[in-house]
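Contents: one structure, followed by commentary.
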Number of protein chains: 2
Amino acid sequence: MRDRLLEAADRLFYAEGTRAVGIDRVLAEAEAAKASLYSHFGCKDELVAAYVQHRIALARSSIEAFVAPIPPGERALRIFDWVVAWVESPDFMGCPLQRVVGEVVDAGHPARVLAADQRDWLRARFTEWVKAAGLANAQQLATALLVLFDGAVIASVQDGSRRARDARWAAGELLKAAAGGRAETRAPKLRKPKQ
Amino acid sequence: MRDRLLEAADRLFYAEGTRAVGIDRVLAEAEAAKASLYSHFGCKDELVAAYVQHRIALARSSIEAFVAPIPPGERALRIFDWVVAWVESPDFMGCPLQRVVGEVVDAGHPARVLAADQRDWLRARFTEWVKAAGLANAQQLATALLVLFDGAVIASVQDGSRRARDARWAAGELLKAAAGGRAETRAPKLRKPKQ
DNA sequence: GGTTAAACAGACAGTTCTGTCTATTCGTGT
DNA sequence: ACACGAATAGACAGAACTGTCTGTTTAACC
């Protein structure tokens with residue numbers, strides 16, 4: 001039951017925005033009664049938070065599954081292939097977290113607290129991937145790629161998936177510059193003209 | 001009168017979102033009567049469109065004024081200083097256009113049509129600046145910087161202005177790579193081993 | 001001074017929204 | 001058979017929203 005409500009909310013909230021969709025629409029979509037919703041979630045804000053939580057869980061497992069078979073050193077670049085695939089999926093409507101943050105002004109809102117967490121998680125992943133590539137200046141490079149990631153998603157909303165490809169290209173250039181320009185931190189090896 | 005209404009709408013819409021702010025709030029803020037608003041704007045959607053139009057006009061003139069004294073060849077990078085200053089301004093709440101696009105699902109909404117125009121304008125500026133720097137692969141570089149620009153703004157909403165600085169750094173690296181890696185387009189004329 | 005356009009205050013209709021509450025039904029385990 | 005937890009339908013309150021309309025006031029112009 002909770003799942004049915006959450007999935008209905010997920011579809012509607014993502015397609016139209018949390019503010020544009022009322023409780024009644026969610027109930028109709030889930031074919032559920034109002035009391036069920038309020039007994040499970042307490043109030044709409046908590047339903048929104050549950051929606052965000054759900055999206056976060058999906059994103060994390062999707063990303064983890066995507067990078068798993070990729071050699072750690074290539075993940076920082078290849079994650080942009082994941083972005084391209086995402087923005088090209090048929091009902092892509094932007095990043096649900098970016099949209100919630102835009103709609104909900106209060107940074108203390110439960111949904112925004114979750115979004116902030118996810119943000120930390122994503123930055124940690126980029127840091128990890130960049131370090132795995134054995135590049136110097138890892139922190140700087142990781143946050144630069146994070147910004148590129150954000151830009152790829154938001155720009156694709158208006159401009160289509162070509163922006164995600166542009167971001168991938170830029171990420172490649174940055175990584176190339178970091179690898180070629182200066183020495184790598186670990187292992188002597190010689191610099192591999194990656195991608 | 002129209003201006004007073006528009007400025008009130010601008011303040012409230014930008015601070016809280018166009019959907020969160022009702023007509024009555026705008027009227028109270030402008031100390032105006034309802035009839036005034038509806039005779040000037042017709043309906044709320046048109047007020048939202050006027051708000052977007054206003055923000056676009058501000059952005060264009062602000063950007064133009066900012067780059068005017070900067071040598072054309074440096075503008076593609078220095079525009080990121082403008083972004084840093086913007087996201088550090090005290091009541092920065094993200095990009096008003098990105099937020100409206102997130103709120104308004106219908107791409108045919110008057111406000112979204114205006115936003116799409118502004119998008120073209122901005123991309124054209126980046127192309128112009130990159131070309132002025134005399135770099136090869138201008139289109140690719142321009143759209144990459146555009147994505148970086150978008151990412152700088154959206155990422156700064158959650159992470160603060162350091163992301164705008166990260167974007168500036170990344171832009172510098174990309175421009176350096178484009179300038180150093182291969183020949184510049186003008187003058188020398190030797191064959192460029194592209195990509 | 002009289003005309004006219006614009007702004008004013010605010011009532012009003014009609015809808016939508018969140019959240020509460022009552023009363024009923026269903027299914028399961030004992 | 002029975003009890004109990006969970007879901008159901010839906011009325012209801014109270015607020016907020018958009019948009020319309022009426023009647024009044026203000027101010028500029030001839």
Side-chain angles (χ1 to χ4, degrees), chain A residues 1-54 96 99-106 108-114, chain B residues 1-54 96 99-106 108-114:
Chain A
M1 185 77 262
R2 207 193 106 105
D3 287 352
R4 215 166 76 214
L5 283 162
L6 188 51
E7 271 174 32
D10 183 88
R11 274 192 299 275
L12 294 172
F13 285 169
Y14 183 59
E16 305 183 33
T18 62
R19 209 145 200 142
V21 174
I23 289 295
D24 292 335
R25 298 269 308 281
V26 175
L27 295 175
E29 177 89 1
E31 292 178 313
K34 203 172 261 195
S36 305
L37 191 153
Y38 279 93
S39 83
H40 278 297
F41 297 98
C43 65
K44 191 191 178 183
D45 285 337
E46 287 300 328
L47 178 62
V48 172
Y51 154 65
V52 166
Q53 178 74 284
H54 181 227
R99 290 178 72 197
V100 165
V101 168
E103 281 184 321
V104 179
V105 156
D106 173 21
H109 188 290
R112 287 211 43 180
V113 174
L114 294 170
Chain B
M1 186 75 262
R2 209 192 105 103
D3 287 352
R4 215 167 74 214
L5 283 162
L6 189 51
E7 271 174 33
D10 183 89
R11 273 193 298 276
L12 293 172
F13 284 168
Y14 183 59
E16 305 183 32
T18 62
R19 220 157 184 131
V21 173
I23 289 295
D24 293 335
R25 298 269 307 282
V26 175
L27 294 175
E29 177 89 359
E31 290 178 316
K34 204 172 258 195
S36 305
L37 191 153
Y38 278 93
S39 83
H40 279 297
F41 298 97
C43 65
K44 191 191 177 182
D45 284 336
E46 287 300 328
L47 178 62
V48 172
Y51 153 65
V52 166
Q53 179 74 283
H54 180 230
R99 289 178 72 196
V100 165
V101 169
E103 280 184 321
V104 180
V105 155
D106 174 21
H109 188 290
R112 287 210 43 179
V113 174
L114 294 169

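Lettering of chains follows the sequences in order, A, B, ..., and the numbering in each one begins at 1. Quick note: numbers below take in every heavy atom, side chains included, and nothing from hydrogens, waters or symmetry partners.
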Q: Mind calculating the distance between CG (B/Leu37) and P (C/dA6) to the nearest angstrom?
A: 16 Å
Q: Tell me, please, which residues at least two apart from B/Gln53 pass side-chain hydrogen bond (donor to acceptor under 3.5 Å, both in side chains).
A: none
Q) In whole angstroms, how far is the P atom of C/dA7 from the CZ atom of B/Arg2? A) 12 Å
(Q) Using a 4.0 Å heavy-atom cut-off to protein, can you give one letter per nucleotide of nucleotides 8-29 of chain C, 5' to 3': B if the base is in contact, S if only the sugar-phosphate is, - if neither? (A) BBB-------BBB---------
Q: Report the residues that fulfil side-chain hydrogen bond (donor to acceptor under 3.5 Å, both in side chains) with B/Asp45, sequence neighbours left out, ordered by chain and then residue number.
A: B/His109
Q | B/Arg25: salt bridge (charged side-chain N to carboxylate O under 4.0 Å, His left out) partners, not counting sequence neighbours | A | B/Glu16
Q.
Looking at B/His40, I'd like to know whether one of its side-chain N or O atoms comes within less than 4.0 Å of OP1 or OP2 on C/dA6.
A. no
Q.
Applying side-chain hydrogen bond (donor to acceptor under 3.5 Å, both in side chains), can you list everything that pairs with A/Arg11, at least two apart in sequence or on another chain?
A. A/Glu29
Q: Not counting sequence neighbours, which residues clear side-chain hydrogen bond (donor to acceptor under 3.5 Å, both in side chains) with A/Thr18? List them please.
A: A/Glu103
